[in-house]
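Letters A, B, ... are given to chains in the order of the sequence lines, protein chains preceding strands, and every chain is numbered from 1.
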Amino acid sequence: MTTVVFILFSLMVLGGGLMVVTASNIVHAAGALILSLFGVACLYVLLNAGFLAAVQVLVYIGAIAILIIFTVMLIRREGEDRLSFNSMWSGVLVIAVLAFVGLILILNQVWPLGMEGGAPDMNLDPTVQLGRMLLDPAGYVLPFEVASILLLSAMIGAIVIAREKRKE
Amino acid sequence: MVPLSWYLVVAAALFCIGLFGVLARRNAIAILMSIELMLNAVNINLVAFWRYQSPNQPIGMAFAVFVFVVAAAEVAVGLALIISIYRRRKHIIVEDMDLLKW
């Protein structure tokens with residue numbers, strides 16, 4: 001049962017991803033991106049990471065994908081996306097396929113495909129543990145605060161970069 | 001329960017799809033979306049390793065949260081750059097952005 005659900009969600013993720021990189025209409029690509037991100041959120045649920053699945057839907061789909069669609073709508077023009085790939089795309093395709101084959105070969109050395117068993121049992125609620133770890137002074141509270149500074153500076157930077165220069 | 005390697009295969013495939021998109025697309029927004037796909041592949045790996053290798057020590061989840069933060073910051077700045085470039089040049093085709101090329 002879990003296997004069927006996993007394969008379904010994986011097809012959703014990979015199919016959405018393929019549509020993102022191949023769709024010639026950029027709006028269709030953004031819709032496929034939402035599909036793919038939602039599939040990733042479903043994979044998180046299968047991995048018992050319910051909190052991350054919620055954050056994935058909120059941040060990726062609710063913020064990032066919507067921001068991308070806003071930008072697409074702001075700057076879309078007709079006839080601009082008729083050629084979606086550059087001149088090197090066939091070579092790049094070979095590189096990507098080779099990278100995938102290489103990754104699978106390395107993976108097969110370390111974890112022989114499909115041979116190992118299931119996941120170990122969890123004793124504690126992962127969300128509670130994650131919260132404790134993120135705010136523990138001996139844990140990740142310093143990276144947590146640095147991340148907030150990063151977000152603030154990115155916000156200021158985005159405003160400064162995208163602001164229209166006033167002409168005197 | 002699905003074995004760990006299945007998640008790793010899906011993540012590897014998603015990463016390579018994103019790699020192809022980053023290197024082959026002409027539209028800057030499509031490149032940003034492909035980068036999102038690659039970051040998501042990394043996140044699947046992190047969460048899968050957390051679940052299968054050390055489920056009582058959520059370090060992988062903590063890293064995934066930081067990847068979320070960095071992805072959000074990256075998209076905000078990237079889209080601001082794209083809008084700024086569009087204002088100046090009236091297109092967002094990356095091949096034609098040759099301001100810093102010689």
Side-chain angles (χ1 to χ4, degrees), chain A residues 2-3 6 10 13-14 17-18 20-21 26 29 33 40 43-44 47-49 52 55 59 63-64 67-68 71-72 75 80-81 83-86 89 92-93 96 99-100 103-104 107 111 113-114 116 118-120 122-124 126 129-130 133-134 140 143 147 150-151 154-155 157-158 161-162, chain B residues 1-10 12-21 23-27 29-30 32-34 36-37 40 43-44 47-48 50-52 55-56 58-59 61-62 64-66 68-73 75-77 79-84 86-87 91-93 95:
Chain A
T2 324
T3 314
F6 172 81
S10 308
V13 170
L14 296 180
L18 275 178
V20 168
V21 298
I26 202 76
L33 179 71
V40 174
L43 287 185
Y44 289 162
L47 285 165
N48 297 79
L52 279 190
V55 172
V59 173
I64 293 181
L67 197 61
I68 287 177
T71 315
V72 168
I75 66 183
E80 197 165 76
D81 29 351
L83 244 180
S84 39
F85 297 131
N86 59 23
W89 72 271
V92 171
L93 182 64
F100 179 67
L103 280 174
I104 296 303
L107 190 63
W111 282 277
L113 292 183
E116 74 272 63
M122 287 191 298
N123 307 323
L124 304 159
Q129 280 183 290
L130 178 68
M133 181 169 260
L134 279 181
Y140 287 90
L150 173 73
L151 274 182
M155 192 172 74
I161 292 171
Chain B
M1 195 78 183
V2 182
L4 169 62
S5 55
W6 290 23
Y7 286 99
L8 302 185
V9 169
V10 171
L14 189 61
F15 188 86
C16 291
I17 291 172
L19 181 72
F20 171 73
L23 292 177
R25 290 301 293 249
R26 296 173 79 235
N27 191 313
I29 295 181
L32 262 186
M33 292 197 283
S34 306
E36 294 307 315
L37 290 183
N40 267 284
N43 261 353
I44 293 177
V47 178
W50 157 73
R51 181 69 187 88
Y52 283 82
N56 293 315
I59 303 173
M61 276 172 83
V65 168
F66 291 125
F68 280 141
V69 173
V70 174
V75 161
V77 175
L79 289 178
L81 277 173
I82 289 174
I83 287 180
S84 175
Y86 178 72
R87 257 200 209 110
H91 68 74
I92 50 166
I93 304 299
E95 284 172 332

Peer 1: Please state whether the side chain, the backbone, both or neither of A:Leu67 comes within less than 4.5 Å of a heavy atom of chain B.
Peer 2: both
Peer 1: Can you tell me which portion of B:Ile59 sits under 4.5 Å from chain A's heavy atoms? Options are side chain, backbone, both or neither.
Peer 2: both
Peer 1: Using non-hydrogen atoms and a 4.5 Å limit, figure out which bit of A:Leu14 sits close to chain B: side chain, backbone, both or neither.
Peer 2: both
Peer 1: Out of curiosity, A:Tyr44 OH to B:Met61 CE, how far, rounded to the nearest 0.5 Å?
Peer 2: 10.0 Å
Peer 1: What part of A:Leu33 gets within 4.5 angstrom of chain B, counting heavy atoms only: side chain, backbone, both, or neither?
Peer 2: side chain
Peer 1: Show the nearest heavy-atom pair for residues B:Ala62 and A:Met133, with the distance to one decimal.
Peer 2: CB-SD, 4.5 Å
Peer 1: Side chain, backbone, both or neither: which part of A:Ala63 has a heavy atom under 4.5 Å from chain B?
Peer 2: neither
Peer 1: Looking only at non-hydrogen atoms, find the nearest pair between A:Ala49 and B:Val47 and report the distance.
Peer 2: CB-CG1, 3.9 Å
Peer 1: Please round to the nearest 0.5 Å and tell me the distance separating atom CG of A:Leu107 and atom CG of B:Leu4.
Peer 2: 8.0 Å
Peer 1: Using non-hydrogen atoms only, which part of A:Leu47 is less than 4.5 Å away from chain B: side chain, backbone, both, or neither?
Peer 2: both
Peer 1: Hey, mind stepping through A:Ile64 and B:Phe68 against side-chain contact (heavy atoms from CB on, under 4.5 Å) and telling me if it holds?
Peer 2: CA-CA 10 Å; A:Ile64 293 181; B:Phe68 280 141; over 6 Å; no
Peer 1: Closest heavy-atom contact between A:Val21 and B:Gly21?
Peer 2: CG1-CA, 3.5 Å
Peer 1: Between chain A and each of B:Ser84, B:Ala13, B:Ala64, count heavy-atom pairs under 4.5 Å; write down the option with the most.
Peer 2: B:Ala13
Peer 1: Which of the residues B:Ile29, B:Val69, B:Asn40 is involved in the greatest number of heavy-atom pairs with chain A at under 4.5 angstrom?
Peer 2: B:Asn40
Peer 1: First locate atom CG of A:Leu43, then atom CH2 of B:Trp6, and finally report the distance between them rounded to the nearest 0.5 Å.
Peer 2: 12.5 Å
Peer 1: Measure the shortest side-chain to side-chain distance between A:Trp89 and B:Phe20 over non-hydrogen atoms and say whether it is less than 4.5 angstrom.
Peer 2: yes
Peer 1: First locate atom CD1 of B:Ile83, then atom OG1 of A:Thr71, and finally report the distance between them rounded to the nearest 0.5 Å.
Peer 2: 4.5 Å
Peer 1: B:Ile82 versus chain A, heavy atoms under 4.5 Å apart: side chain, backbone, both or neither?
Peer 2: side chain
Peer 1: Quick one: what part of B:Arg25 sits under 4.5 Å from any heavy atom of chain A, side chain, backbone, both or neither?
Peer 2: both
Peer 1: Under the side chain to side chain donor-acceptor pair (under 3.5 Å) test, which residues partner B:Arg51, sequence neighbours left out?
Peer 2: A:Asn48
Peer 1: In terms of heavy-atom pairs under 4.5 Å, which option from A:Leu151, A:Val13, A:Thr2, A:Leu52 contacts chain B the most?
Peer 2: A:Leu52
Peer 1: Counting heavy-atom pairs closer than 4.5 Å to chain A, which one of B:Ala76, B:Ala24, B:Ala73 comes out on top?
Peer 2: B:Ala24
Peer 1: Heavy-atom distance under 4.5 Å between the side chains of A:Val40 and B:Asn43, does that happen here?
Peer 2: no
Peer 1: Return the option, out of B:Leu32, B:Val9, B:Val70, with the maximum number of heavy-atom pairs under 4.5 Å with chain A.
Peer 2: B:Val9
Peer 1: Is A:Phe100 in contact with chain B via its backbone, its side chain, both, or neither, using a 4.5 Å heavy-atom distance?
Peer 2: both
Peer 1: Need one label for A:Leu103: side chain, backbone, both or neither, based on atoms under 4.5 Å from any heavy atom in chain B.
Peer 2: side chain
Peer 1: How far apart are the closest heavy atoms of B:Val10 and A:Ser10, and which atoms are they?
Peer 2: CG2-OG, 3.5 Å
Peer 1: Looking only at heavy atoms, what is the nearest atom pair of B:Leu19 and A:Ala96, with distance?
Peer 2: CD2-CA, 4.3 Å
Peer 1: State, to 0.1 Å, how close B:Met33 and A:Ala29 come at their nearest heavy-atom pair, and which atoms those are.
Peer 2: CE-CB, 3.6 Å
Peer 1: Apply side-chain contact (heavy atoms from CB on, under 4.5 Å) to A:Leu130 and B:Val65, showing your working.
Peer 2: CA-CA 10 Å; A:Leu130 178 68; B:Val65 168; 4.1 Å; yes
